[in-house]
Amino acid sequence: MAPLPTAAAAVRCHPHILRRGLLPASSPLLPFASRVASSTPLRAQPLRFSLSPVPKSISSSSTSHIPVRSLFTGIVEEVGRVRRIGPPPTPPGGGGDAAPGVDLEVETKNLLAGTQLGDSIAVDGTCLTVAAIDTAASTLTFGVAPETLRCTSLGERVAGDDVNLERALTPASRMGGHFVQGHVDGTGEIAAFRPEGDSIWVTVRAPPEILSLLVPKGFVAVDGTSLTVVNVNEEAGWFDFMLVRYTQDNVVLPKKKVGDKVNLEADILGKYVVKLLAGRLEATSKANS
């Protein structure tokens, strides 16, 4: 595969995504992209949003202090549909002066059973907390903090969009993918789709701090989907992977377009290796100085 141009800069966190309606229009769909309310829904109070920690830098010392409250495999259980995204309802008596988070209401067919308030669910690879359950409308509502909106692609979702959903692991779950925390490291940009047989090659531009943690035949979570990296080109700023037919039919990625953002989470094992080696090198440098 020919290297992608280096002019594609790493995707950063964009505060402007909080200003709804100012995002650029999407490009045309890809050729192969095909593809209800209870009067008393359950709502956790006073919970407004859950902030999944998103480190500013992979090499930051804060990475090692991120608590692992939930764990996922990257095997998408269901493709849900965004019903609503916007400010949460004003509680009785007013909400005070604090700026609320944003509610993300998602329609689901299969995840309502057994789900309780406070449970963790990965939405496009972002670990979010269930803040409300409406069984009549078959929806789950998640609170999303401003920092999560800035550093993931969730702020670009609109009503009608599909999202990948996965509930947190239980002790009896099968480990079908890899260890996914739902702590998005940053966003990448789809650079190319290329069919080969009934599979599809997908190339993604990514920031250098994420590319440095990817290795061929290693793991990466793209919008919460556990995928095997095939090629990594750090100089040109991209990596790629292949989607088999089954995966194409059960995740959102094939419905996206070139230029769309995707949430990226590198393998946690690689992050620890980088941190340990950096500490060892620093200690060696001090000892020799």
Side-chain angles (χ1 to χ4, degrees), residues 14-30 33-44 47-52 76-91 95 99-112 115 117 119 121-167 182 184 187 189-190 222-225 249-263:
H14 299 291
H16 69 272
I17 66 175
L18 298 179
R19 300 170 60 191
R20 307 293 300 166
L22 297 184
L23 296 172
S26 299
S27 56
L29 289 172
L30 293 166
S34 60
R35 291 283 203 190
V36 1
S38 170
S39 59
T40 57
L42 296 175
R43 175 170 288 274
L47 179 64
R48 285 297 185 84
F49 55 78
S50 170
L51 173 58
S52 298
V76 176
E77 290 188 75
E78 180 186 348
V79 174
R81 179 155 296 179
V82 175
R83 177 73 66 84
R84 186 184 73 86
I85 182 167
T90 303
V102 170
D103 271 4
L104 175 63
E105 185 178 349
V106 178
E107 184 177 347
T108 171
K109 296 179 180 178
N110 305 320
L111 268 61
L112 289 176
T115 297
L117 295 175
D119 283 356
I121 293 180
V123 181
D124 271 355
T126 306
C127 180
L128 299 176
T129 299
V130 177
I133 302 173
D134 189 335
T135 54
S138 297
T139 60
L140 299 172
T141 299
F142 308 89
V144 188
E147 178 69 359
T148 303
L149 290 172
R150 282 191 291 266
C151 294
T152 71
S153 65
L154 292 182
E156 298 186 1
R157 301 282 74 80
V158 297
D161 281 355
D162 290 337
V163 288
N164 294 324
L165 301 175
E166 182 193 356
R167 289 171 290 192
V184 175
T187 56
E189 180 183 299
I190 297 175
V222 180
D223 278 347
T225 305
D249 293 338
N250 290 278
V251 301
V252 177
L253 192 58
K255 302 178 184 179
K256 295 197 171 185
K257 303 167 288 297
V258 171
D260 281 355
K261 286 183 182 179
V262 288
N263 294 323

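Nothing here was measured: the structure is a model prediction, and the numbers come from that model.
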Smallest separation among heavy atoms of Ile85 and Arg157, with atom names: CG2-O, 3.5 Å
Test of understanding: with side chain to side chain donor-acceptor pair (under 3.5 Å), list the residues that count as partners of Asp223, not counting sequence neighbours. Lys256
Quick one: list whatever passes side chain to side chain contact (heavy atoms under 4.5 Å, CB included) with Asp119, sequence neighbours left out. Thr115, Gln116, Val130
Taking the side chain as every heavy atom from C-beta outward, state whether Val158 and Val82 have any atom pair closer than 4.5 Å. no
Working to the nearest 0.5 angstrom, can you tell me the gap between Asp124 CG and Thr225 OG1? 8.0 Å
Starting at CG of Leu111, measure out to OG of Ser138 and round the result to the nearest 0.5 Å. 11.5 Å
One should read off an interatomic distance between Glu147 CD and Thr152 OG1, to the nearest 0.5 angstrom, of 9.5 Å
Return the set of residues passing side chain to side chain contact (heavy atoms under 4.5 Å, CB included) with Val222 (not counting sequence neighbours), or none when no residue passes. Val220, Leu227, Phe239, Phe241, Leu253, Val262, Leu264
Name of the residue among Asn164, Val163, Asn250, Val252 meeting side chain to side chain contact (heavy atoms under 4.5 Å, CB included) with Val76: Asn164
Main chain of Lys109, side chain of Glu78: is a donor-acceptor contact present, judged purely on distance under 3.5 Å? yes
Ignoring hydrogens, what is the shortest heavy-atom contact between Phe142 and Ile121? Give both atom names and the distance. CE2-CB, 3.8 Å
Nearest non-hydrogen partners of Leu154 and Val144, listed with the distance: CD1-CG1, 4.4 Å
Heavy-atom closest pair (Arg83 atom, Glu107 atom, distance to 0.1 Å) is NH2-OE1, 3.2 Å
For the residue pair Leu165 and Val123, establish whether any side-chain heavy-atom pair is separated by less than 4.5 Å. yes
